[in-house]
Enquirer: 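The structure's right below; bear with me while I get my questions together.
Treat the numbers as computed from the prediction; the structure is a model and nothing was measured. Chain letters run A, B, ... following the sequence lines, proteins first and then strands; every chain starts at 1.
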Protein chains: 2
Amino acid sequence: MPPATRRDPSAARARVTLSDVARYVGVSVSVVSRELNGDPALRARPETRRRIHAAAKTLGYAPNHAARSLRLSRAFAIGVIVPELTNAIYDGLIRGIDDAADALGYQVLMGRTERIEPGADFLHRLVGEGRVDGFLVQRKDETDFHDFAHLIEAAAPIVLINSRGSRRGSVVLDDAAGARAAAEHLLDLGHRDIALIGGDIHSYTGRARERGFVEAINAAGMRRRSAWILHSGYSPEAGRLAVHELCAAGGRRPTGVVVANMNAAMGALLGAREIGLRVPEQLSVVAIHDAWIADYAWPPLTTVRMPQYQLAYEAMRLLHLRLAGERPQDVTITEPAPLLVRRESTAPPPKRLARGRAPSGESGDAAPGGAIGGGTPGS
Amino acid sequence: MPPATRRDPSAARARVTLSDVARYVGVSVSVVSRELNGDPALRARPETRRRIHAAAKTLGYAPNHAARSLRLSRAFAIGVIVPELTNAIYDGLIRGIDDAADALGYQVLMGRTERIEPGADFLHRLVGEGRVDGFLVQRKDETDFHDFAHLIEAAAPIVLINSRGSRRGSVVLDDAAGARAAAEHLLDLGHRDIALIGGDIHSYTGRARERGFVEAINAAGMRRRSAWILHSGYSPEAGRLAVHELCAAGGRRPTGVVVANMNAAMGALLGAREIGLRVPEQLSVVAIHDAWIADYAWPPLTTVRMPQYQLAYEAMRLLHLRLAGERPQDVTITEPAPLLVRRESTAPPPKRLARGRAPSGESGDAAPGGAIGGGTPGS
DNA sequence: CTGTTAGCGCTTTCAA
DNA sequence: TTGAAAGCGCTAACAG
């Protein structure tokens with residue numbers, strides 16, 4: 001043994017290992033290991049158990065992750081792929097995943113979709129090196145999903161968030177209900193000329209939200225104008241252009257618009273300003289999704305809050321189940337129900353444009369009976 | 001050996017190990033290991049080297065991370081702690097860290113500040129279990145930093161982002177220059193009554209930005225009113241209240257305000273609307289930091305773009321160096337210089353309030369000579 | 001009730 | 001030029 005190997009350049013925290021604890025207690029490592037892992041097959045006397053836990057605590061024992069991982073061939077970590085991390089829209093999503101992962105003992109690696117697109121080395125490395133056990137992925141609508149998903153699926157179990165994919169496992173929200181709530185809000189205010197600035201027609205959420213929108217319109221006994229259903233996508237820029245498209249031509253224009261996404265709605269507000277349309281006096285805007293930024297939009301944006309947190313929590317739970325060997329499931333989160341948060345971007349339609357029968361509820365700016373309570377934004 | 005252990009419930013991807021490669025090539029594992037790791041002490045014939053790389057590629061070899069980590073006592077992962085992930089303001093930061101980490105071979109675990117506050121079990125577990133080698137932390141101004149940092153420091157090397165801490169290692173921006181650029185923009189427009197909605201007085205950025213602001217005011221030969229320097233903090237709500245405070249009283253009010261943070265500036269715009277002040281006609285607002293959301297504010301927000309990406313990249317590099325045994329450094333990122341991005345929230349002050357000499361540059365809404373180029377927001 | 005031991009895949013020292 | 005072997009810390013099968 002070389003003399004004086006004390007010269008450890010880095011902080012040299014002494015790592016406490018299982019055998020340290022075992023020696024301290026005076027038992028073997030296996031007993032300690034099994035006790036600390038709660039092995040039900042272990043039959044030890046209560047006194048021993050107590051001393052083991054006490055020793056672990058006093059010595060500050062923490063199981064070495066690498067060793068555990070090597071031994072069990074599990075990383076106890078999952079990868080999360082979302083289009084962009086730093087978007088207020090994903091706040092609930094990230095928190096839900098984070099909390100669930102913590103509760104289930106996983107670490108979370110966040111990745112941007114763009115990382116995985118080019119050659120997908122990133123993903124393969126992650127699973128190839130055994131760094132993650134599986135993935136939670138929210139697809140970006142524009143990407144060609146088949147390349148992408150099969151790539152991942154080949155490597156590790158995944159659970160899809162906000163989209164359905166055969167035989168994988170997925171969690172979605174009741175997007176139709178969300179869109180319905182948004183449309184009904186406008187109908188209750190007396191609007192009859194309502195447009196949808198929707199998502200990609202190929203995406204699950206895009207289709208579900210369109211369906212909900214159409215259901216509400218039909219239930220109110222109105223004909224929808226197909227020109228007023230747009231499949232714009234979820235970016236601010238898309239929302240901005242959509243408003244131009246809807247309101248530019250000289251003809252009849254909608255008095256209210258449901259925007260399928262909050263970011264797109266921010267763009268829609270800008271588009272309206274560019275055209276010179278006042279919101280909500282001339283155009284009401286209601287968006288699906290809620291986030292703090294809605295309070296600081298101009299005007300503050302009326303939204304439908306969706307249970308993103310619960311969605312994410314459930315997704316993590318499903319992935320955990322899959323990793324434990326269970327079969328993939330496709331679930332839909334319906335609780336809590338979509339909640340309308342009234343702010344200032346919606347109002348009754350302008351008088352001069354109102355035709356036909358009066359609005360079903362009382363007019364004015366009091367919330368109609370059908371609308372769900374007015375929002376404290378913070379939740 | 002038990003018969004037929006083929007019944008592997010999960011996908012059962014066959015893991016390719018070093019010894020698989022070695023066997024395939026016909027050499028021993030140590031040669032393969034050293035060749036693949038580029039050990040300069042290895043003296044192997046070129047032919048062997050070639051065959052090793054070829055075999056690794058055809059077999060799809062990926063080094064097992066857990067084993068490597070166990071052997072080397074390094075996690076090859078770092079933890080990132082920011083106040084909130086899902087804030088557009090941290091976009092550059094996250095991307096910079098992510099890119100640098102990727103380039104240097106680290107994985108990134110993201111954590112929210114709130115996770116580490118209560119009992120800090122989270123952090124201790126992370127390092128105690130050897131899951132991360134170190135941390136990059138952007139403190140939340142409000143937290144009591146000493147508890148927090150010592151806690152972390154005790155456990156693992158950290159590099160502070162956007163704050164200075166003795167003997168740790170840190171990276172900051174030239175915040176004074178950013179604030180100076182913002183103030184000079186207002187001065188160039190002809191403003192003489194300028195306020196600062198600043199950050200926490202105890203924070204590095206709060207102080208540096210105040211210093212830059214004061215320097216610009218002094219250099220222009222004006223007396224600053226101390227009532228017009230607020231230490232409000234960086235939240236939207238703080239910005240909103242600050243505007244109320246500055247403009248509520250009947251007395252003289254500023255015609256322009258520098259807001260030390262983009263989120264706070266969103267709040268400031270709201271505050272101005274609540275009071276009935278038109279931006280920029282009656283009040284000009286310029287914020288430090290830039291993000292896509294500035295384009296969708298009303299009016300679109302004039303900002304000073306700071307090199308956050310570079311900051312973050314350098315922080316990761318510094319942490320890497322520390323982990324390699326080098327001494328902590330404190331660095332300041334000055335390149336690229338803060339860049340004024342002109343949008344629509346700033347304009348010359350209202351005529352009726354302008355007193356004293358005329359603005360130094362030409363008036364009107366053309367950019368004065370001193371201002372740096374007008375912005376393409378996307379970068 | 002508890003201890004011994006093999007081995008997860010890798011790096012690295014030492015020997016040939 | 002290359003190989004053998006130890007050992008990182010842990011779990012689990014098996015043996016008392």
Enquirer: Identify which nucleotide among D:dC10, D:dT2, C:dT5 has an atom closest to any side-chain atom of A:A67, counting heavy atoms from C-beta outward.
Expert: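 So the nucleotide nearest the side chain must be D:dC10.
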Enquirer: Is the phosphate of D:dC8, meaning OP1 or OP2, less than 4.0 Å from a side-chain N or O of B:S69?
Expert: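 For B:S69, the contact criterion (side-chain N or O under 4.0 Å from OP1 or OP2 of D:dC8) is not met.
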Enquirer: Among C:dG3, C:dC10, D:dG3, which is the nearest nucleotide to the side chain of A:V27?
Expert: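 Selected nucleotide (nearest to the side chain): C:dG3.
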Enquirer: B:L70 has a side chain; which of C:dT4, D:dA5, D:dC8 sits nearest to it?
Expert: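 Of C:dT4, D:dA5, D:dC8, D:dC8 is nearest to the side chain of B:L70.
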Enquirer: Once rounded to the nearest 0.5 Å, what's the spacing between atom CG of A:L59 and atom CG of A:L18?
Expert: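 Between A:L59 CG and A:L18 CG, I get 11.0 Å after rounding to 0.5 Å.
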Enquirer: Do any side-chain nitrogens or oxygens of A:R49 fall under 4.0 Å of OP1 or OP2 in C:dC1?
Expert: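 So the side-chain polar atoms of A:R49 never come under 4.0 Å of the phosphate oxygens OP1 or OP2 of C:dC1.
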Enquirer: Answer yes if the side chains of A:D99 and A:Y309 hold a donor-acceptor pair under 3.5 Å, and no otherwise.
Expert: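 Side chains of A:D99 and A:Y309: pair found under 3.5 Å.
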Enquirer: Name the one of A:R45, A:R49, A:R50 that satisfies salt bridge (charged side-chain N to carboxylate O under 4.0 Å, His left out) with A:E47?
Expert: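 Only one of A:R45, A:R49, A:R50 forms a salt bridge (charged side-chain N to carboxylate O under 4.0 Å, His left out) with A:E47, namely A:R50.
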Enquirer: Where the side chain of A:N64 is defined as all heavy atoms beyond and including C-beta, which of D:dC10, C:dC10, D:dT2 is the nearest nucleotide?
Expert: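 Comparing D:dC10, C:dC10, D:dT2 against the side chain of A:N64, the answer is D:dC10.
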Enquirer: Within this structure, what is the CZ-to-C1' distance between A:R131 and C:dG9, rounded to whole angstrom?
Expert: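 Nearest whole value for this atom pair: 15 Å.
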Enquirer: Taking N and O atoms by type only, does the side chain of B:S30 place a donor or acceptor under 3.5 Å from a partner on the base of D:dG3?
Expert: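 Check passes, donor-acceptor contact within cut-off.
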Enquirer: Taking only N and O in the side chain of B:R74, is any of them less than 4.0 Å away from OP1 or OP2 of D:dC8?
Expert: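 Result: no.
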Enquirer: Within the modelled atom types, does a donor on one side and an acceptor on the other bring the side chain of B:S33 and the base of C:dT12 under 3.5 Å apart?
Expert: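 Side chain to base: no pair below 3.5 Å.
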Enquirer: Atom CG of A:D20 to atom P of D:dG9: distance rounded to whole Å?
Expert: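 To the nearest whole Å, that distance equals 8 Å.
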Enquirer: Indicate, with a heavy-atom threshold strictly under 4.0 Å, whether A:S73 touches base, sugar-phosphate, or nothing.
Expert: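 No contact.
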Enquirer: Over how many whole Å does the gap from A:L18 atom CG to D:dC8 atom C1' extend?
Expert: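 After rounding, the gap between these two atoms is 13 Å.
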Enquirer: Whole Å only: how far is the CG atom of A:L72 from the P atom of D:dC8?
Expert: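 Distance, rounded to whole Å: 19 Å.
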Enquirer: Do A:E35 and A:H53 get their side chains close enough for a donor-acceptor pair, meaning under 3.5 Å?
Expert: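 Checked: A:E35/A:H53 side chains pair up, N/O donor to acceptor below 3.5 Å.
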Enquirer: For residues A:T332 and A:R164, is any side-chain donor paired with an opposing acceptor at under 3.5 Å?
Expert: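 Yes, A:R164 and A:T332 have a side-chain donor paired with an acceptor closer than 3.5 Å.
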Enquirer: Take atom CZ of B:R34 and atom P of C:dC10, then tell me their distance rounded to the nearest Å.
Expert: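 The answer, rounded to whole Å, is 15 Å.
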